[in-house]
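Worksheet: one structure, shown below.
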Amino acid sequence: MKSKQNRERAMGDALLGIMFLICVVVLNCAGLLKKDKKISESENRSLAERPEFTIEGVVRGSFGDNLEAYLSDQFIFRDGFRTIHTGLKLAGGSRLQNNIFYGKNGQLMKNIDKPDREVLSGTVEAINSLAEYVKGTDEKAIYMMLVPDVAAIYPELLPSYAQIEDEETYFQEVRAGLAENVTWIDGISVMRKYKKEKIYYKTDHHWTTRGAYHMFEETAETFELDAEKETDYDIYPIATDFNGVLSGNSGFAAHEREEIDVYLPKVQTDVIVNYVDEQKKKSSLYDVNKLAAKDKYGVFLGGNSSLIDIRTTAESDRSILIIKDSFANCYIPFLVPYYREIVVVDPRYYAGTVAEVLEDYRIDDILFLYSGNTFLTDNHIAEFMTI
Amino acid sequence: MVFSSFTFIFIFLLTSLVVYHIVPYRFKNYFLLIISLLFYAWGEPVYIILMVLSILFNYLCGQYIAMLRLVTPVKKSGVIPEIEIIDVEKEYTVRGFQTQVKEKRNLQKRAKMSLSAAITFNLLILGFFKYFDFVIRNVNHLSGGSLHFRSISLPLGISFYTFQAISYLVDVYRGDVKAQKKFINFALYIAMFPQLIAGPIVRYVDIERQLMKRKLSIVKFGEGARYFITGLAKKVIIANQMGEIFGAVNMAILSGEAVPVALAWIGAMAFTLQIYFDFGGYSDMAIGLGKMFGFDFKENFHYPYTAVSITDFWRKWHISLGTWFREYVYIPLGGNRKGRARQIFNLMVVWFLTGLWHGAEWNFVVWGLYYGIILIFEKFLFDRLLHRLPAFAQHLYVMVIVIIGWVFFFSNDLNGAIGYLHGMFSLHKGGLFDRSVLFTLMNHRILWIVSILCCTEIPNTFMMRQGYYKWRKLVTDMGYIALFLVSVSYLIANTYNPFIYFRF
């Protein structure tokens, strides 16, 4: 009896051996036959190419690493395998992946980490020194607009037991530390007021155009914008299959598709958008080429650039300098009818300093527009601000 | 090259297997040696020279000692036997060597001295590469000086192949085995890729016959596949994820954050699971790979977390290392045959060395001595008490001791270990419990349950029993293939793929 059982077991092992071998061979051959892909749509990055074989590379180990990356990136059914992996993790209870929460209602939320104290105080100091500088020279208005991250506005959508830092306290700290002539704009109360509407994307960390619009609405007075120029907007969905950065980075909600809206004013204002470093000029605030890529949010101003100079045909003589991260990109169109010139700087990409910008352009107002997460952790702002 | 990588599974292993099975029988060992050297060179292109030299050196020493030893295989008694000397007046040949000896004693003495010299040389090499930095650092610390030194990088697998070489030499001296006269076979014993980088530490006596004659069958190959798939899954699915959990908690504690006691424990438990499934998984893969090429290695882990005492635990954890230290340190020192005081001393020496073997840092030594002391206590004090405890108390006792032990193991140094222990026992900083603890548990709830279950024999016994029935066997086989594909998916998605025991 025992030996018969052992024989049965042996047959089972033999079968497994064959199946395993076939599996490995098939996966291998399929991978060899398949053509290499250049970009991964779902992961929003370029995929590794076949590495060159050099003796030096082998000795240094770089060939090995590159080969491994190549095999992994070009593996057959890579996206399928990733879906299996994410599915299993979700089934296993995972609600936090790569620092991104998979919240209720399928809302993805970036985790709010503790800010780097040094960086933060450095940034605030830098802003204050700028404030000091402009107080002395000529009357410029400085505004600070911090937009809260989605997790701060919708904590109830966080997965059970998840804990995040309280962004509001940090915002208050920043507010308290800023100089007197910096006008603080309370982003949190605005976003909270319109919570019931879709003011954030589900799969991306940005606010929606609607969210930006409400912020614009509520703060128009603060900016002393000419009330007469108020206009109505036509709302068009410029994309309906947007799947954002948070989804790509975490693997969650990979099949969710969202709308991106543009608010086109009924009363048109023409613009010339000058990408100064790239030496390109465009006549629209929207770059529809970006809609072909995965990160469709880039349709706004073509994504992040070091320095953009927007000249408008608006009946105004005011100009504004916006120091920002990507959140400002869908907000800027709302300002266009009110300013003759809008200079846009992203300190992460701009190599110069604020002094240079103030010299090169005639600026009336200065606006800092940042999302909480970026502002609390980015050290480029302070660097940019050295006078 | 790491076993859990695409390069290994889909390029190296596949090609090796195919060619190995095509190559005629008498060339198989040569081929296996060549690919093993390639495998090693891939990860260690410079120090492969060192390993080759070590193999040459130990091969020659083995031959020399055997020649002196006049090998007549004696039954292993665990005690170094007196050498049988034949009538010296007569000429005699030992495997083609012709010697004439004047004095009986010379042979034995020379053999022993040669053995000592060879072992010392091996240990010096190991000591130099592994402990040079450590020694200099401590000398600086003690003398207040600042000798400048260049950090020496640790050649891959040196702890493992050195120990294998030493075990071979001693076994030859003792007469437990005949010296391997074919260089190729000896080289293969040391350098065979399944066990070269991270064990198990294979004793020559266990593999002697297999080197020269082994049967290849699809059944054994399938068995190997089973071990390999299980090991891969353990490493890629469980160990890597537990590693992430532990990493997050550890980073929080190291950066001085206020971490609740419960979370510190969960971090330590995550590491406890990580190291078992990482190392155990790797051993499984090594055993599986061995089987695919026709070798049977002894198992290295036998469900250690089901142990009922620390003594039991060390009979189930890293079995090959425990065996090595017992055979080649404890017993030669006298074991338990020279009185209780000497036995305690012997045990402490063994555990001091065991700790030190794991890493060139004091926290590893403390880890080793920690277990040494507990084992002595168990042996002489609470042995009977432990037996009478109910099962759950025994398991609880073992796990608490083991988890605390790992704190010394995973910390960078003694200060770090004490800092972490502080987090585990002091309520001052973060209190006992908070929601982050629950979140960490819930975020991986299935993983916790599955890993704890896989620490026991239950899943394996279940799968093995299905093998007896025709249809269920097919289902379980497909289950293993599915497990393999899931592991592949985790490999694709995970960029985080460390291997802890690689520091050896």
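Side chains are part of it too, since the values below use all heavy atoms of this structure and drop only hydrogens, waters and symmetry mates.
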Is the number of heavy atoms from other residues, nucleotides or ligands within 6.0 Å of [atom1] ([X]) greater than 12?
{"X": "A:Glu118", "atom1": "CD", "answer": "no"}
{"X": "A:Arg50", "atom1": "CZ", "answer": "no"}
{"X": "A:Phe77", "atom1": "CZ", "answer": "no"}
{"X": "A:Gln172", "atom1": "CD", "answer": "yes"}
{"X": "B:Tyr227", "atom1": "OH", "answer": "no"}

In Å and rounded to the nearest 0.5 Å, what is the [atom1] to [atom2] distance from [X] to [Y]?
{"X": "B:Ser489", "Y": "A:Leu88", "atom1": "OG", "atom2": "CG", "value": "6.0 Å"}
{"X": "B:Leu474", "Y": "A:Met19", "atom1": "CG", "atom2": "CE", "value": "6.0 Å"}
{"X": "A:Asp65", "Y": "B:Ser5", "atom1": "CG", "atom2": "OG", "value": "10.5 Å"}
{"X": "B:Ile492", "Y": "A:Arg82", "atom1": "CD1", "atom2": "CZ", "value": "9.0 Å"}
{"X": "B:Met1", "Y": "A:Glu68", "atom1": "CE", "atom2": "CD", "value": "9.5 Å"}
{"X": "A:Asn98", "Y": "B:Glu244", "atom1": "CG", "atom2": "CD", "value": "8.0 Å"}

For [X], is it the side chain, the backbone, both, or neither that has a heavy atom closer than 4.5 Å to a heavy atom of chain A?
{"X": "B:Leu441", "answer": "neither"}
{"X": "B:Val450", "answer": "neither"}
{"X": "B:Phe10", "answer": "both"}
{"X": "B:Leu14", "answer": "side chain"}
{"X": "B:Met478", "answer": "both"}

Note to self: Using side chain to side chain contact (heavy atoms under 4.5 Å, CB included), reason through B:Phe221 and A:Leu21 one step at a time and then give a plain yes or no.
What the structure shows: CA-CA 10 Å; B:Phe221 179 82; A:Leu21 211 51; 3.7 Å; yes
Check: Are B:Tyr480 and A:Phe20 an aromatic pair by the rule of ring centers under 6.0 Å?
Finding: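 No, the ring centres sit 6.0 Å or more apart.
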Closest approach of [X] and [Y], non-hydrogen atoms and distance?
{"X": "B:Ile446", "Y": "A:Ala91", "value": "CG1-O, 3.7 Å"}
{"X": "A:Gly64", "Y": "B:Trp42", "value": "CA-CZ2, 3.6 Å"}
{"X": "B:Arg435", "Y": "A:Ala162", "value": "NH1-O, 4.1 Å"}

Check: Taking it one step at a time, do B:Gln241 and A:Lys89 satisfy side chain to side chain contact (heavy atoms under 4.5 Å, CB included)?
Finding: CA-CA 10 Å; B:Gln241 290 204 78; A:Lys89 289 201 85 164; 3.1 Å; yes
Contact check, side chains of [X] and [Y], non-hydrogen atoms, under 4.5 Å:
{"X": "B:Ile11", "Y": "A:Leu71", "result": "yes"}
{"X": "B:Leu485", "Y": "A:Phe81", "result": "yes"}
{"X": "B:Phe6", "Y": "A:Gln74", "result": "no"}

Counting heavy-atom pairs under 4.5 Å with chain A, which one of [options] comes out on top?
{"options": "B:Asn443, B:Val486, B:Ile237", "result": "B:Asn443"}
{"options": "B:Val488, B:Leu447, B:Val437", "result": "B:Val488"}
{"options": "B:Asp434, B:Thr440, B:Ile9", "result": "B:Asp434"}
{"options": "B:Lys220, B:His444, B:Met442", "result": "B:Met442"}

Notebook entry, point to check: A:Asp13 side chain to B:Val219 main-chain N or O, any donor-acceptor pair under 3.5 Å?
Noted result: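 No; judged by distance alone, with no hydrogens or angles, the pair does not exist.
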Check: When you measure from the side chain of B:Asp477 to the backbone N and O of A:Leu15, does any donor-acceptor pair fall under 3.5 Å?
Finding: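 Checked: no pair found.
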Next item on the list: Dump the intermediate steps for side chain to side chain contact (heavy atoms under 4.5 Å, CB included) on B:Ile481 and A:Leu16, then the final yes or no.
Entry: CA-CA 8 Å; B:Ile481 297 293; A:Leu16 178 60; 4.1 Å; yes
Note to self: At a 4.5 Å cut-off on heavy atoms, which part of A:Ala69 comes close to chain B: side chain, backbone, both, or neither?
What the structure shows: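 The answer is neither part of A:Ala69.
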Margin query: Parallel, tilted or perpendicular: which one describes the rings of B:Phe439 and A:Phe101, with boundaries at 30° and 60°?
Written below: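 It falls in the perpendicular class, over 60°.
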Next item on the list: Pick whichever of A:Gly92, A:Gly17, A:Ser160 has the most heavy-atom pairs under 4.5 Å with chain B.
Entry: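 Maximum pair count with chain B is reached by A:Gly92.
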